[in-house]
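These values consider heavy atoms only, across backbone and side chains, with no hydrogens, waters or symmetry-generated copies. Please read all numbers here as calculations on a predicted model, not as lab measurements. Counting from 1, the numbers follow the sequence of the chain as shown.
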Amino acid sequence: MRPQDLTLRCYAEQQGDCLWIAVCVDLCLAAQGKTYREARQKLNHQIKEYVFDALAGEDRAYANQLLRRKAPLRQRLKYQLIHLHLFGLLFRQRVRDFIPKLPLVPYNNHYAR
């Protein structure tokens with residue numbers, strides 16, 4: 001995996017008054033939380049664990065498949081709309097996009113002991 005491949009596309013969407021759904025469209029992962037921050041933190045943790053397992057953990061034999069797993073087209077299109085600010089202009093407080101930062105070397109607290 002090259003460093004430029006470490007950029008992942010993600011967005012978070014508020015549903016109702018107290019639920020945020022954060023989605024990583026490049027790995028087909030999702031997390032939810034009561035706040036934007038909580039959902040984003042949970043997704044970031046999930047992404048780090050997933051990438052570690054794919055590159056250095058028990059799933060490394062399937063790394064090529066796991067790191068190319070895309071979200072459904074509907075979610076990828078939603079991200080594109082958000083990213084282009086077309087969707088974001090309509091729902092400024094309810095939808096946000098973000099790009100998580102991943103280290104160049106996968107790290108996992110469970111395996112560092």
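Leu27 is not listed as a side-chain neighbour of Leu66, based on a closest heavy-atom distance of 4.5 Å or more. Residues Lys48 and Phe52 have side chains not in contact (no heavy-atom distance under 4.5 Å, counting atoms from C-beta outward). In this structure the side chain of Gln32 never reaches within 4.5 angstrom of the side chain of Glu38, judged on heavy atoms.
When all heavy atoms are compared, the tightest approach of Thr35 to Trp20 is C-CD1, 3.3 Å. Among all heavy-atom pairs drawn from Ala54 and Ala63, the shortest one is O-CB, 3.0 Å. Heavy atoms only, all atoms of each residue included: Cys24 and Leu43 are closest at N-CD2, 3.7 Å.
Distance check: Leu29 CG to His45 NE2 gives 12.0 Å after rounding to the nearest 0.5 Å.
Linking Ile, Leu, Val, Met, Phe, Trp and Tyr whenever their side-chain heavy atoms come within less than 4.5 Å puts Ile47 and Tyr62 in one cluster.
Put simply, the side chain of Arg60 gets close to the backbone of Ala56: a donor and an acceptor are under 3.5 Å apart.
Screening residues 64-73 for salt bridge (Lys or Arg N to Asp or Glu O under 4.0 Å), with sequence neighbours left out, gives Asp26-Lys70.
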Inset, instruction - Start with the C-alpha distance between Lys34 and Leu19, add both sets of side-chain angles, then the distance that settles side chain to side chain contact (heavy atoms under 4.5 Å, CB included), and finish with yes or no. - result: CA-CA 5 Å; Lys34 293 180 181 178; Leu19 180 66; over 6 Å; no

Inset, instruction - Applying side chain to side chain contact (heavy atoms under 4.5 Å, CB included), run through Glu13 and Lys78 and close with a yes or a no. - result: CA-CA 10 Å; Glu13 179 177 25; Lys78 184 182 274 191; 2.9 Å; yes

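Every residue meeting the side chain to side chain contact (heavy atoms under 4.5 Å, CB included) condition with Gln75, not counting sequence neighbours, appears here in chain and number order: Tyr11, Val23, Val25, Ala71, Pro72.
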